[in-house]
Amino acid sequence: MADDTQPLMTPVVEDESTYLEQARDKPESNSRKPFYVRPRNLHGNTDPQELVTDEASAMNSRVQYYSKLTTTHNALVPPDHVIPAEEKIYVYSPLGSALQFESSIDGYGKNPSIVTIFSIWNTMMGTSILSLPWALKEAGFTLGIILLVSMNVLMLYCCYRVLKSRQTIDYVNTSDWEFPDVCKYYFGSFGQWSSLLFSLISLFGAMIVYWVLMSNFLFNTGKFIYNYVHNVTEVDHVLSTNGSVKVVCPNPPGVHHHNSTDMSFIISNDTGVQEFREWWNKTNTVPLYLIFLLLPLLSFKSASFFARFNNLGTVSVIYLIILVTLKAGREGFHLEFHWFESAHNFVAEFRLSFPHLTGVLALAFFIHNCVITLLRNNQHQENNVRDLSIAYLLVGLTYMYVAVMTFAAFPSPELSKDCIEPNFLDNLPSSDVLAFISRVFLLFQMTTVYPLLGYLLRVQLLSQLFGNVYPSFFHVFILNIVIVLTGVFVARFYPNIGAIIRYSGATCGLAFVFVYPSLIHMISRHRKGQLSWPSAIFHSFLIVLGVVNLIAQFLI
């Protein structure tokens, strides 16, 4: 992925001694190039340099032969000179991070379990964490906790089914397969194209959410800096607390404010301040300014540069946890339990809008499209299920902590719990220093991840349509224009990230979480005559659950 325009193939030398001599002379030149690429991955390439040579094909046969011997006797490992160098790949989690991951061609990696667990945690953590306190409120505090635990276990089981899906295929070497390859095996071209469609939907939804959030963070960051430099004092014209830790309610229940309205009074007679407010508007102008920053970044042929900043996602999540802890420690807990009916400024513990939470959680726990890739690098393959379970447990605890602490510490009865925003940072004023630091972290992190998401979308879409991930500057430019204009439109007229996240989560989760893993398991067991009625009923229930979850997002 270092450069899409370079040949995929590296010429193979005549003999082993020449190969070793050239490797010593040029240790870095071709160390990251795969020596062999399957013909099905060469999307219509006609360049003779990119064709699979006879020497490369023979070397690939030798590697596969050694691999089969290794499975029967550990001493029969292939020599170093017939093992290709590791290639860098991207691992993607919707609304999370897109990061580079070292992968071995032979399918066995070098990462210990602790690194594998952390990689899964880091990949799964995404912007959905900002919406979890709101989603918990939508379900009610008690029902929300029950659903969060239940969805954690359910999503883990479906992820386990994805991980085991390759083993359901007999007499075929599936060591280098991903889950879409398994779907194609069982469902033909429909499985291939439908998995591609749902993958594109999740990518596109992620980019829209990122655009809305970046517009929000850029607006509040610019507002904080301007007020600080010009010594401008603002008094928010919204419901808020008056304590040392100020919490605001920008959209009070039952009162509808237009999102572009900046509800604040400025204590200043400077006309420059008024002009700043006119040109620096959250929905009317700031989303347009992002075009000048992000459109050039989307046009990069390679996304390798941006992948170097993937650790910022971890820093941002850790800082959010610290921020929530500090705010909760200062505010204390504000809880009253009203099981079925809402009381003054307190929501019921069980609410009919709970599908909002299940939609968000379907995306928050989503890693099914890349779990095989992540665990392929695990040093001890026999620990894959254990490490995946531990990673899901840690992710669930992280989500639980942020959601519960933010909800419990929200200052009621001064403000209603219904004031919790889909992005809980919106409940902190732009003048809050800790919130300002968090927004800066997230803004920079999203600016680096956004081009990665665009690159992945371009690779998946254009390679299928044109057989080339970069057919021409014109094609890429048109695709990027569509992406950014969609982001501007949504940020202008529908900047509700909670709704976008749950729609995306329920949609991509329908295919990759509920339907395909369950169907593949039932079909494989049925072909072997091992499908029991309890298993068929349970997995059919999972499919129905996924369909109902998607429909409920549009009805409730």
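- To the nearest 0.5 Å, atom CE of residue Met124 and atom OG1 of residue Thr398 are 10.0 Å apart.
- In terms of modelled atom types and a separation under 3.5 Å, the side chain of Thr325 and the main chain of Ile321 share a donor-acceptor contact.
- The two residues Ser518 and Ile543 have their closest heavy-atom pair at CB-CG1, 3.9 Å.
- Under the 4.5 Å side-chain criterion, counting only non-hydrogen atoms from C-beta, Thr116 is in contact with Leu375.
- Applying the disulfide bond (SG atoms under 2.5 Å apart) rule to Cys158 yields no partners; only residues at least two apart in sequence or on another chain are considered.
- With hydrogens and angles ignored, the 3.5 Å screen pairs a side-chain donor or acceptor of His368 with a backbone N or O of Met155.
- Formation of a donor-acceptor pair under 3.5 Å by the Tyr185 side chain with backbone atoms of Ile169 is not found in this model.
- Residues Pro250 and Asn427 meet the side-chain proximity criterion, which asks for heavy atoms closer than 4.5 Å.
- In this view, Arg161 satisfies the salt bridge (Lys or Arg N to Asp or Glu O under 4.0 Å) rule with no residue, not counting sequence neighbours.
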Side chain to side chain donor-acceptor pair (under 3.5 Å), that's the test. Do Gln381 and Asn384 meet it? Break it down for me.
CA-CA 5 Å; Gln381 293 290 298; Asn384 279 349; 3.2 Å; yes

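- To the nearest 0.5 Å, atom CZ of residue Phe444 and atom OG1 of residue Thr448 are 6.0 Å apart.
- Annotation for Leu415 and Val247: closest pair CD1-O, 3.6 Å, computed over non-hydrogen atoms.
- Rounding to the nearest 0.5 Å gives a distance of 13.5 Å between CG of Leu443 and CZ of Phe219.
- You'll find the side chain of Ile120 stays beyond 4.5 Å of the side chain of Leu394, heavy atoms only.
- Of all heavy-atom pairs spanning Ala348 and Arg351, the tightest one is O-CG, 3.6 Å.
- Tested against Phe441, the residues Phe217, Phe436, Tyr319 include a single ring pair (Phe, Tyr, Trp, His ring centres under 6.0 Å) partner, Tyr319.
- Asp432 pairs by the salt bridge (Lys or Arg N to Asp or Glu O under 4.0 Å) definition with Lys327, not counting sequence neighbours.
- The closest side-chain heavy-atom distance from Ser535 to Leu531 is below 4.5 Å.
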Test log, rule side-chain contact (heavy atoms from CB on, under 4.5 Å), inputs Leu542 and Phe538
CA-CA 6 Å; Leu542 290 182; Phe538 174 73; 3.8 Å; yes

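- Aromatic ring pairs are classed by plane angle as parallel below 30°, tilted from 30° to 60° and perpendicular above 60°; the pair Phe493 and Phe489 is tilted.
- The line from CG of Leu218 to CG of Leu213 is 12.5 Å long, rounded to the nearest 0.5 Å.
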Would Phe424 and Trp134 count as a side-chain contact (heavy atoms from CB on, under 4.5 Å) here? Give the steps.
CA-CA 7 Å; Phe424 74 84; Trp134 167 82; over 6 Å; no

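- Here SG of Cys183 is found 10.0 Å from CZ of Phe190. Values are rounded to the nearest 0.5 Å.
- Each of Ile497, Val212, Leu130 was evaluated against Pro422; a single residue qualifies, Ile497, per the side-chain contact (heavy atoms from CB on, under 4.5 Å) test.
- Across all their heavy atoms, Ile372 and Arg166 have their closest contact at CG2-CZ, 3.7 Å.
- The closest donor-acceptor contact from the side chain of Glu138 to the backbone of Pro355 lies at 3.5 Å or more, if one exists at all.
- Taking the six-membered ring where tryptophan is involved, the planes of His521 and His539 are tilted, since the angle between them lies from 30° to 60°.
- Aromatic ring orientation, Phe407 versus Phe141: parallel (interplanar angle below 30°, classes split at 30° and 60°).
- For the side-chain contact (heavy atoms from CB on, under 4.5 Å) criterion with Leu374, the lone passing option out of Asn122, Leu388, Thr123 is Thr123.
- The pair Lys417-Glu336 fails the salt-bridge criterion, with no side-chain N (NZ, NE, NH1 or NH2) lying under 4.0 Å from an Asp/Glu carboxylate O.
- When all heavy atoms of Gly144 and Ala139 are compared, the pair lying nearest together is CA-CB, 3.9 Å.
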Tell me, with the steps shown, if Ser412 and Asn345 meet side chain to side chain donor-acceptor pair (under 3.5 Å).
CA-CA 6 Å; Ser412 295; Asn345 286 345; over 6 Å; no

Full working for ring-ring contact (aromatic ring centres under 6.0 Å, His included) between Tyr516 and Tyr186:
CA-CA 10 Å; Tyr516 285 157; Tyr186 278 98; over 10 Å; no

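- Counting only heavy atoms from C-beta outward, the side chains of His356 and Val360 never approach each other to under 4.5 Å.
- Under the 4.5 Å side-chain criterion, counting only non-hydrogen atoms from C-beta, Ile208 is not in contact with Trp211.
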Which is it for Leu442 and Ser438 under the side-chain contact (heavy atoms from CB on, under 4.5 Å) test, yes or no, and what are the steps along the way?
CA-CA 6 Å; Leu442 290 168; Ser438 180; 3.9 Å; yes

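- Surrounding CZ of Phe118 are more than 12 heavy atoms belonging to other residues, nucleotides or ligands, all under 6.0 Å away.
- At a threshold of 4.5 Å between non-hydrogen side-chain atoms, the residues Tyr392 and Asn152 count as touching.
- No more than 12 heavy atoms of other residues, nucleotides or ligands lie within 6.0 Å of CG in Leu352, so this atom counts as exposed by the packing criterion.
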Full working for side-chain contact (heavy atoms from CB on, under 4.5 Å) between Trp280 and Tyr226
CA-CA 10 Å; Trp280 195 258; Tyr226 183 89; over 6 Å; no

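- Atom CD1 of Ile322 and atom CG of Leu434 lie 10.0 Å apart (nearest 0.5 Å).
- A donor-acceptor pair is defined here as one N or O able to donate and one able to accept, closer than 3.5 Å; no such pair exists between the side chain of Arg492 and the backbone of Pro287.
- Annotation: Glu341, atom CD; neighbour count of heavy atoms from other residues, nucleotides and ligands within 6.0 Å does not exceed 12.
- Residues Ser215 and Val286 share a closest heavy-atom pair of O-CG1, 3.5 Å.
- Proximity of Met522 to Ser540: side-chain heavy atoms (C-beta onward) are separated by under 4.5 Å at one or more points.
- Not a single donor-acceptor pair under 3.5 Å links the side chain of Thr507 to the backbone N or O of Ser504.
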